[in-house]
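First listed ligand is number 1; within each ligand, the first listed atom is number 1. The residues of the chain are indexed from 1 along the displayed sequence.
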Amino acid sequence: MNSLTPASLQELVSCLSDYDPQALPVAQAQKIIQEFVTPIHAVEKLALRQALGRVLAEDIISAINVPAHDNSAMDGYALRSSCLPASGDLILKIIGTAYAGRAFAGTVALGECVRIMTGAVMPEQCDTVIPQELTANASESQVTIPFGKVKKGDNRRFKGEDLALGKIALSKGKILRPAELGLLASLGVAEVPVQRRLRVAFFSTGDELRSLGDPLEEGCVYDSNRYTLYGMLERLGCEMLDMGVIKDDPVSLKAAFQSACENADAIITSGGVSVGAADYTKQIMSELGDVAFWTIGMRPGRPMAFGKIHSNGSSAYLFGLPGNPVAVMVTFYFFARNALLHMMGATSPVLTLVPAKSLAPIRKRAGRTEYQRGILSIASDGSLQVAITGSQGSGILRSMSEANCMVVLHDDQGNIAAGDKVEVLLFEGLI
Ligand code: AMP
Ligand code: MG
């Protein structure tokens, strides 16, 4: 926790002159959450492959130059640019071959060249490579360099141009994707310091919820939120503690929160935080710590609890998400996800919104953020266009499944006309 971070959520929100927990704008809720959560500091060393998806815990300084030598980017002939004539073709004598991994040992004089393969070390006197396909009349002993096909420095890769010795190759906080695994391998790094996995406990609350395998009595629903949460947390690389469905009973709820708090860094619950909820969830949450209950200016997902709870000397951040299945996903993506990434020590938890043209009018009330489920496609002119999926009810999970993006309609936007620009968040990217 840095010295600027207030000790409690109450202190943090008391600094905000316009803080109204009953009408909290999305951006303000996001800001409060982001300022309140702090990264874990626990490093483990993993073999390179195991580090995929994890957060780098220390800067990686390059101990070598990559590439280690100037080398050729093409199969062709290495030559001295000083012998390129001002006009006319040039005939060069071939005095040897440089292979990748087997350098040419001799000296290249003016009027001479060396046949060279991609990745082979440049002979010391040469500064330029002409690709094989641009040459003419090549034989074992000589080759013609047609005028104007090559200029000084072409197709020469420089020592250290990828990663320079002594420089930071990867910064702490980077999430390790396939490119980073390859980059670390190119440096010869076999073990990587990463942050330990974030432990996230989650459970569902509600007497009407049934777990898979249980009979579904009248008025009951299967608990789907634990499965969407599982999927979203798995993709973030969290270690999960699935605590099942907790009945709306103060003793079980308190025990669940305490156990979650003692065993996890963060707790995610769904249900029981709405304004008129006739259950004990909110009461227990506030008994156990520093928790704010918000009505956020958004749709879906208005009610949310956020804070930090304590039990037997342990503490954990708490995200009390609403119960409705779509609201759970929306609040997870727009509030919990960034916070969890921040706790994991990741440095770039920014969600990128992409502009697209709305294909149809969308009803929207100004003064709140609305998240509509959309299908983004490419128009015949190559531009991006979006249509919302049918019914947008907060309990209709099908709308999420049919969608490939979320249309984010900001506070200041009112009704959208067909053809208007909107912003979308794509669900899938290259990961
Ligand atoms: P609540 O926020 O507890 O008032 O719940 C709002 C709505 O979401 C109710 O219709 C609940 O039945 C439903 N709901 C709550 N939790 C879940 C869950 N885990 N899975 C599916 N639906 C849920
Ligand atoms: Mg409920």
Asks: Say whether T205, considering both its backbone and side-chain N or O atoms, lies within less than 3.5 Å of an N or O atom on ligand 1.
Replies: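 Between T205 and ligand 1, no N or O pair is found under 3.5 Å apart.
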
Asks: Hey, which atoms in ligand 1 end up nearer than 4.0 Å to a heavy atom of S274?
Replies: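 Every atom of ligand 1 under 4.0 Å from some heavy atom of S274: 2 (O), 4 (O).
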
Asks: So with a 6.0 Å cut-off around NE2 of H69, is the heavy-atom count from everything else above 12?
Replies: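 Result for NE2/H69: open.
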
Asks: I'd like to check which ligand 1 atoms, numbered from 1 as shown, lie under 4.0 Å from a non-hydrogen atom of Y222.
Replies: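 With Y222 as reference, the close atoms of ligand 1 come out as 20 (N), 21 (C).
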
Asks: What are the atoms of ligand 1, with element, lying closer than 4.0 Å to any heavy atom of G271?
Replies: 2 (O), 3 (O)

Asks: Short list, please: which atoms of ligand 1 are under 4.0 Å from a heavy atom of E208?
Replies: 11 (C), 12 (O)

Asks: Give the atoms of ligand 1, by number and element, whose distance to some non-hydrogen atom of S224 is under 4.0 Å.
Replies: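 This gives 20 (N), 21 (C) as the contact atoms.
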
Asks: Could you tell me whether the side chain of N415 and the main chain of K364 form a donor-acceptor pair under 3.5 Å?
Replies: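 Present.
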
Asks: Which is closest to atom 22 (N) of ligand 1 by heavy-atom distance: P322, C220, P325?
Replies: P325

Asks: For the 3.5 Å polar cut-off, considering only N or O atoms, please tell me whether R226 and ligand 1 meet it.
Replies: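 No - when backbone and side-chain N and O of R226 are compared with those of ligand 1, no distance drops under 3.5 Å.
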
Asks: Only one of F203, F332, Y317 clears side-chain contact (heavy atoms from CB on, under 4.5 Å) with I268; which?
Replies: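 Between I268 and the candidates, side-chain contact (heavy atoms from CB on, under 4.5 Å) is satisfied uniquely by F332.
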
Asks: Can you tell me which portion of L209 lies within the under-4.0 Å heavy-atom range of ligand 1? Options are side chain, backbone, both, or neither.
Replies: side chain

Asks: Ring centres of Y333 and Y371 under 6.0 Å apart?
Replies: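 No, too far apart.
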
Asks: Using the rule given for side chain to side chain contact (heavy atoms under 4.5 Å, CB included), can you reason through I296 versus R302, listing the C-alpha separation, both sets of side-chain angles and the distance that settles it, and then say yes or no?
Replies: CA-CA 5 Å; I296 301 180; R302 277 157 47 82; 5.7 Å; no

Asks: With heavy-atom distances below 4.0 Å as the criterion, list the atoms of ligand 1 near G272.
Replies: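 Atoms satisfying the 4.0 Å criterion: 1 (P), 2 (O), 3 (O).
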
Asks: L288 pairs by side-chain contact (heavy atoms from CB on, under 4.5 Å) with which of L318, I309, L253?
Replies: I309

Asks: Show the numbers, then the answer: is there a side chain to side chain contact (heavy atoms under 4.5 Å, CB included) between F306 and F36?
Replies: CA-CA 10 Å; F306 170 69; F36 191 57; 3.6 Å; yes

Asks: Can you sort out which atoms of ligand 1 are near S204, meaning under 4.0 Å from one of its heavy atoms?
Replies: 19 (N)

Asks: Could you please spell out the steps behind the salt bridge (Lys or Arg N to Asp or Glu O under 4.0 Å) verdict for R210 and E217?
Replies: CA-CA 9 Å; R210 292 293 174 272; E217 295 108 338; 2.6 Å; yes

